[in-house]
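Residue numbers count from 1 along this sequence.
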Amino acid sequence: MAIYSVIIHPCLLEIPRLKTIKSSRLNYHDSKLGLKYDRTKFGWKNDGRRSFCNNYSRTHRICASSSSTDAATLVENSDTTEFSFKETFLLKRTEIVEGKVFVRLNQRKKDDKNFQLIVGCNIPGKWILHWGVTYVGDSGSDWDLPPPEMRPNGSVSIKDYAIETPLMQLSSHVEGETLYEIQINIKRNSSIAALNFVLKDEETGSWFQHRGRDFKVPLQDFIYEDAKTDTGAKKGFSIWPGYFDQLSSMLVKAEESQSIAQQNIDEVEGQKQHNKRMEGVCGEHIISKEVYFHNILSVSVWKCSEGDKNFVHLDTDLPGDVVVHWGVCRDHPKRWEIPPAPHPANTIIFKEKALRTSLQPKENGRGSSGLFSLDAELMGLVFVLKLNDKSWLKYMDKDFYIPLSSGLQNQTNQDETGGHLKQDVSGSSRVEESTGLTIEKPAEANDAVAYTAGIINEIRNLVSGITSEKGRKTKSKELHVNILQEIEKLAAEAYSIFRTASPTFWEEVTSDTETSKPPVELCSGTGSGYEILCQGFNWESHKSGKWYMELNDKASELSSLGFTIIWLPPPTESVSPEGYMPKDLYNLNSSRRGFYVHVDGEMAEMKPLLREQLPSNDYPLAVGETSQYGNIEDLKVLVKKFHEVGIKVLGDVVLNHRCAHHQNQNGIWNIFGGRLKWDDSAVVADDPHFQGRGNKSSGDNFHAAPNIDHSQEFVRKDLKEWLNWLRKEIGYDGWRLDFVRGFWGGYVKDYLESSEPYFAVGEYWDSLSYTYGKMDHNQDAHRQRIIDWINATNGTSGAFDVTTKGILHSALEGCEYWRLSDESGKPPGVVGWWPSRAVTFIENHDTGSTQGHWRFPRGKEMQGYAYILTHPGTPSVFFDHIYSHYMPEISALISLRDRKKLHCRSTVEITMAEKDVYAAIIDENVAMKIGPGNYDPSSESKNWVLAVEGSDYKVWETS
């Protein structure tokens, strides 16, 4: 989930000017009551402009008088006192907002035969239209890709079945309302029968359907001019399942209604009437969304010099009535008690355990505030905020604690509130969020470095202590491995706590003492850190029927190029020849060539035939080819060969979905055969296409095949046994995990901990953020989703850095190399936040090859490789690029990476990120630049030597 935080400098928070103070018996004071603040000393210039100062002084005129408990007054007396405590908390709250999804179908021009379908929403969010089409004559519920000319700008292909297009934000005529919509052009003579879609909100990762099913906009009755065209049974809006409560929600606004009996009308008039019918078609559907709102709470504490009192001022922009549920502490910050009477006005005692006081609305109507006066002998003020009967706000799931005793302040803040430091007048400024988000600006950078170094040294001392006992018989190697793996897991858990703390992710640091390759066990599932991955196939590799044998001949060459891991294609029996529609997971004899059809629920082999000779009318959904890379013996020989030349092997495993062998009683293909004979309880319940009886999916549904329910214990048991069988029988060293968006990363953790891979990488493919068809500079939300998945696996798997690939596209295509530095001067992809888990790439079998779903800018591939082969992360090189005219340059870059010992945690110093050039220094011994602009590292202190150069890129190394 993307979390957006706003850092507000304390000097920007205006505390209202107060004039008089009434009733001394009230130790709670309204912001409308009497304090005077000197604007010039509270960060305000005399000219009214805000000043970013750190002098939090306040001039107030306060004097305590206790001559009467009924009518004591405070008399003005000038005195200047500095704050003993000041802090601003960021508060995150949620509200359920209701809005509409709407669809309109309009004629583009008065005399034009083309139409425009508009899909929109009026709830705030980052909306993505996930959509596909159904063509005339298609059977079943599978989606297809629309023709390229139909796809709006900014659209991205998802596999071979869907498009994702960002909705654009528009202004609305209704005050306070924002509209988001996308326009799709449709030709009247196209063969599209319907458009299918679901809406996705990138801010929350939520998907919106209609009663658990896809939205479907039928176009067949409305698009085709010739009503006599043989397209099968006509279907109007009213009979397509899953469309806006059927006909009741459709509003067809035709200027005139034609009687069915009027058959003999003029053709031109009939066409005009049809256009009028088209022009007004619209539909609406109510949806609701949990929307996050960010507010602030400012707390200030100062002491009255003429009275034994501490003053606590609360100021918030929270809307509506805000109640402070509070108490005080005398000797322990977690021990509440009620202060003795008198209590503030508008205060009630709650169950003899706490007080509840309403904050008073500000005069400008923007929030509320209040002033508490408390005895100086008290240790602290403890409270939570109550917004309504069911909504409470805390800090880091704990009560707000405001220290009042300066002598105990530092100890209390550090020991009792989770280690976070409060505001000190001379210290560092930190803004904190009630959900645990922490953003810190140290007063001294050296202090932050020393603090970080201290933690790192403690971990290294622990590791050194373990390794120093290797020779002791009392300590087994297995024990060492377990402890080191636990350290890795703890690091992943620590990341889970702090990953949303700021836009810049915590960095993984390696010292000069770590130049030698670390033991493999240090990073279970992520290799040694020095891996270079080769994707050993493309989209057409299955066609030879003997791909395993062809790769066998290339093993030695790939090893000599410097590759340490190779990713092989899916090995199992598959409905699709490429292997990504698996059936019998244990059937690896995939060299049989020909087509297969389901006959009476069983698989029957046919002689090799042309596709058009198949009885597709009788078996429209059951036709398929087995994958054709080779048989199980060929695969074993290939894996053994790669091991002999020093290359580890990854198997491509598809765990998200599986194609069925048989139909259920309703004719749905959801009964599985082979060695793993699952029934429909292994299929998720919220996939409308395959009627599963399992639980709801823990991820996104893949519409082309039954989505497996990984929450079922028998499913996880069978898959773990299968993965371990592949490890033992074939010799795979690790996994490339297909479509991991489809199920929770915690299940991946379970599978990896069971199969113990040397290296694992998941394909978490998601759309980047666009505004009006142009990629946004800030892609933090996108890489955050990938990192969230990695973290769900407890760091046991890496992920392909799709964020980096997308940003490289925009940077190179538009000569916008400034995109390669984020707002903190770090790499803007996953590699900038969690480099040891980022697998960088520029092309694969989906994006390139003959599919070309998201092809890297042509002619600029070597700029991309100059970037990923010099930067941290684990670089992956596509097979088609290796065996091309790029081979010498790729080989030179790999050799440089190995020679200079660059690894997945190497440090990056971005020295230039401008319109026409990007340059960086990696590990202080490699410099690189890409782009047509000029850059020369020779001005630096080191002696740089040009090592590799090509079209618009150069790489230097230290001599």
Side-chain angles (χ1 to χ4, degrees), residues 101-121 127-168 170 180-200 209 214-226 229 231-232 234-237 240 242-244 274-275 277-283 703-704 765 767-768 770-775 809 813 846-847 850-855:
V101 175
F102 58 87
V103 174
R104 297 196 304 271
L105 189 59
N106 300 324
Q107 188 176 3
R108 291 185 63 189
K109 296 179 182 177
K110 211 166 188 181
D111 298 325
D112 196 355
K113 294 183 179 180
N114 296 325
F115 291 86
Q116 193 172 66
L117 181 69
I118 300 174
V119 179
C121 179
W127 294 102
I128 298 292
L129 187 72
H130 181 90
W131 62 289
V133 299
T134 302
Y135 288 96
V136 174
D138 283 355
S139 300
S141 55
D142 291 347
W143 294 12
D144 288 309
L145 291 176
E149 64 273 10
M150 188 176 173
R151 307 173 191 177
N153 291 335
S155 297
V156 176
S157 300
I158 305 299
K159 296 290 186 179
D160 57 354
Y161 69 92
I163 296 292
E164 288 195 345
T165 306
L167 272 64
M168 296 182 181
L170 306 176
Y180 303 81
E181 69 174 41
I182 190 64
Q183 300 175 355
I184 300 173
N185 296 324
I186 304 172
K187 294 183 178 180
R188 181 183 299 280
N189 60 355
S190 72
S191 58
I192 296 172
L195 184 142
N196 317 281
F197 73 90
V198 294
L199 273 179
K200 176 186 176 184
Q209 296 177 295
D214 304 336
F215 293 107
K216 195 156 194 172
V217 182
L219 305 172
Q220 191 169 335
D221 274 351
F222 301 94
I223 296 297
Y224 300 107
E225 295 182 72
D226 189 357
T229 302
T231 58
K234 294 284 184 181
K235 297 181 176 67
F237 278 95
W240 287 81
Y243 185 70
F244 303 149
H274 180 76
N275 290 347
R277 184 186 178 202
M278 283 283 301
E279 192 170 358
V281 169
C282 65
H703 297 289
W765 200 274
S767 296
L768 280 80
Y770 293 83
T771 300
Y772 299 109
K774 188 175 181 64
M775 181 181 289
H809 272 246
E813 284 177 335
D846 285 324
T847 66
T850 54
Q851 288 205 98
H853 287 328
W854 194 24
R855 198 179 301 280

Test His130 against His703 for side chain to side chain contact (heavy atoms under 4.5 Å, CB included), laying out the working first.
CA-CA 12 Å; His130 181 90; His703 297 289; 4.2 Å; yes
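- Looking at heavy atoms from C-beta onward, Leu195 lies in side-chain contact with Met150 at the 4.5 angstrom threshold.
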Test side chain to side chain contact (heavy atoms under 4.5 Å, CB included) on Phe215 and Val103 and set out the steps.
CA-CA 10 Å; Phe215 293 107; Val103 174; over 6 Å; no
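- Once rounded to the nearest 0.5 Å, the distance linking OG of Ser155 with CD of Glu164 reads 10.0 Å.
- Proximity of Arg151 to Pro146: side-chain heavy atoms (C-beta onward) are separated by under 4.5 Å at one or more points.
- Closest approach of Cys121 and Phe102 over heavy atoms only: N-CE2, 3.4 Å.
- Across Pro166 and Gly154, no two heavy atoms sit closer than the pair CD-O, 3.5 Å.
- Closest approach of Trp131 and Pro152 over heavy atoms only: CZ2-CD, 3.9 Å.
- Shown here for Ser190 and Ile186, the closest heavy-atom pair between the two residues is OG-CG2, 4.1 Å.
- Taking each heavy atom of Trp765 and Ser157 in turn, the nearest pair found is NE1-O, 4.2 Å.
- Taken to the nearest 0.5 Å, the OH atom of Tyr770 stands 10.5 Å off from the OG1 atom of Thr165.
- With values rounded to the nearest 0.5 angstrom, Leu167 atom CG is found 11.0 Å from Ile118 atom CD1.
- Distance CZ/Arg855 to CG/Asp846: 11.5 Å, rounded to 0.5 Å.
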Side chain to side chain contact (heavy atoms under 4.5 Å, CB included) assessment of Trp143 paired with Thr134:
CA-CA 6 Å; Trp143 294 12; Thr134 302; 5.5 Å; no
Using the rule given for side chain to side chain contact (heavy atoms under 4.5 Å, CB included), can you reason through Tyr180 versus Ile182, listing the C-alpha separation, both sets of side-chain angles and the distance that settles it, and then say yes or no?
CA-CA 7 Å; Tyr180 303 81; Ile182 190 64; over 6 Å; no
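- Distance NE2/His853 to OG1/Thr847: 9.5 Å, rounded to 0.5 Å.
- Each of Leu129, Ile184, Ile163 was checked for a side-chain contact (heavy atoms from CB on, under 4.5 Å) with Phe197, and the lone residue meeting it is Leu129.
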